[in-house]
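Here the structure is laid out as structure tokens; the discussion comes afterwards.
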Amino acid sequence: MTISGYDALFNSSVANENIVKININQLHSFKNHPFKVVDGVEMDDLVESIRNKGVINPIIVRECTNSDGYEIIAGHRRSRAAALAGLTEIPALIKNISDDDAVIAMVDSNIYRSVILPSEKAHSYKMKQEALKHQGKKGINTNDEIGKKFGDGERNVQRYIRLTYLIPELLELVDNNNIALMPAVDLSYIDKTGQDLLYRYIKDNNVYPNLKTAKSLKEAYKNSNHLTV
């Protein structure tokens, strides 16, 4: 079965399948889930809503292949909030879908978030790109399809995917708005050793590369295969 995305998965599920109750202790996060589930004001509001009204929209899961329990496809925040609210069970739709369809549905289910960090876009775009390529759909520009779904252009999708080549420390600086997208893309072409060196320099001197500096560093690395800062 091929699923076009989260909307098709959820709508067909509601129409054709029964909602079941699953013990929260049986739930496992999606493998390499790229979206952060953060405790804070928004989570507190969700917890309070669930205490008063319960979980209105069921989460979507599939059975784990390598362990007991269920892997969450859509509903990580609701699952966390339900646990914090003291619930022991949560309404869920159990789907039998492939790894690639699960990735696509998981990524698509998070496009409705009000804020998505650059690191979340980077890893989710890459995961969906790889899933679409695995499906082998001929004549489809995967980056263009991803961009239309998320409201980004094809080139921007390529840029965000490049961010997955950054070491976690530099990618965190992008999330914190210390390094802008375009400079970060240039820095992603430097190897891990060079990025480690650059990160130490940034922390020691409290300076952050702008686009001009990043291009110069990229060019220096390209010409010598090592970086000196």
Side-chain angles (χ1 to χ4, degrees), residues 3-11 27-47 49-50 55-61 71-84 99-133 140-188 208 211 214:
I3 302 297
S4 61
Y6 171 74
D7 292 334
L9 176 64
F10 186 82
N11 291 335
L27 297 176
H28 302 279
S29 182
F30 196 92
K31 183 180 179 181
N32 298 323
H33 187 248
F35 298 96
K36 298 177 181 178
V37 178
V38 180
D39 291 343
V41 175
E42 288 189 4
M43 181 61 72
D44 291 341
D45 290 342
L46 184 55
V47 170
S49 174
I50 288 175
V55 178
I56 298 174
N57 294 320
I59 65 172
I60 298 178
V61 302
E71 181 180 40
I72 303 171
I73 297 174
H76 289 79
R77 292 180 71 252
R78 275 168 286 162
S79 301
R80 170 65 175 165
L84 291 174
D99 290 345
D100 290 335
D101 284 334
V103 166
I104 292 169
M106 180 276 295
V107 172
D108 288 354
S109 71
N110 284 278
I111 67 172
Y112 304 106
R113 288 190 176 195
S114 58
V115 178
I116 300 179
L117 295 172
S119 63
E120 295 173 328
K121 277 191 176 186
H123 289 291
S124 62
Y125 284 3
K126 186 174 183 179
M127 289 175 73
K128 183 167 182 177
Q129 181 195 63
E130 291 174 349
L132 290 171
K133 286 181 176 179
I140 289 184
N141 183 327
T142 56
N143 288 342
D144 183 56
E145 183 170 323
I146 293 168
K148 287 178 180 177
K149 187 73 175 179
F150 281 81
D152 262 322
E154 177 185 349
R155 285 290 297 146
N156 247 16
V157 171
Q158 294 173 342
R159 292 181 181 115
Y160 277 110
I161 290 175
R162 276 302 315 178
L163 297 186
T164 63
Y165 293 88
L166 290 174
I167 61 174
E169 294 83 358
L170 288 180
L171 188 52
E172 185 177 3
L173 294 180
V174 182
D175 279 346
N176 293 335
N177 295 316
N178 297 121
I179 302 177
L181 174 62
M182 295 302 291
V185 170
D186 283 325
L187 297 177
S188 73
Y208 303 94
L211 182 57

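These numbers come from a predicted model, not from an experiment. Counting from 1, the numbers follow the sequence of the chain as shown.
In this structure, the side chain of Q129 does not engage the main chain of N143 through any donor-acceptor pair within 3.5 Å. Remark: the backbone N or O of V37 is not paired with any side-chain donor or acceptor of R80 at under 3.5 angstrom. A donor-acceptor pair under 3.5 Å links the side-chain atoms of S188 to the main chain of V185, judged by distance alone. Within the 3.5 Å criterion, the main-chain N or O of P58 finds a donor-acceptor partner in the side chain of R78. A donor-acceptor pair is defined here as one N or O able to donate and one able to accept, closer than 3.5 Å; such a pair exists between the side chain of E71 and the backbone of K31. The backbone N or O of S119 sits less than 3.5 Å from a side-chain atom of D175, completing a donor-acceptor pair.
Residue A131 comes nearest to I104 through the heavy atom pair CB-CG1, 3.9 Å, listed as atom of the first residue, atom of the second, then distance.
Ring geometry for H33 versus H76: interplanar angle under 30°, hence parallel rather than tilted (30 to 60°).
Other residues, nucleotides and ligands contribute only 12 or fewer heavy atoms inside 6.0 Å of the CD atom of E172. Counting heavy atoms of neighbouring residues, nucleotides and ligands inside a 6.0 Å radius, atom CD of E42 does not exceed 12 of them.
To the nearest 0.5 Å, the span separating CG on L173 from CG on L187 amounts to 10.0 Å. Atom OH of Y125 sits about 11.0 Å away from atom CG of L163, to the nearest 0.5 Å. The line from NZ of K36 to CZ of R77 is 14.5 Å long, rounded to the nearest 0.5 Å.
Considering only heavy atoms from C-beta on, N110 stays 4.5 Å or farther from S124 through its side chain.
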Original post:
Are K128 and D108 close enough, and set up right, to give a salt bridge (Lys or Arg N to Asp or Glu O under 4.0 Å), and what steps lead you there?
Top reply: CA-CA 9 Å; K128 183 167 182 177; D108 288 354; 2.6 Å; yes

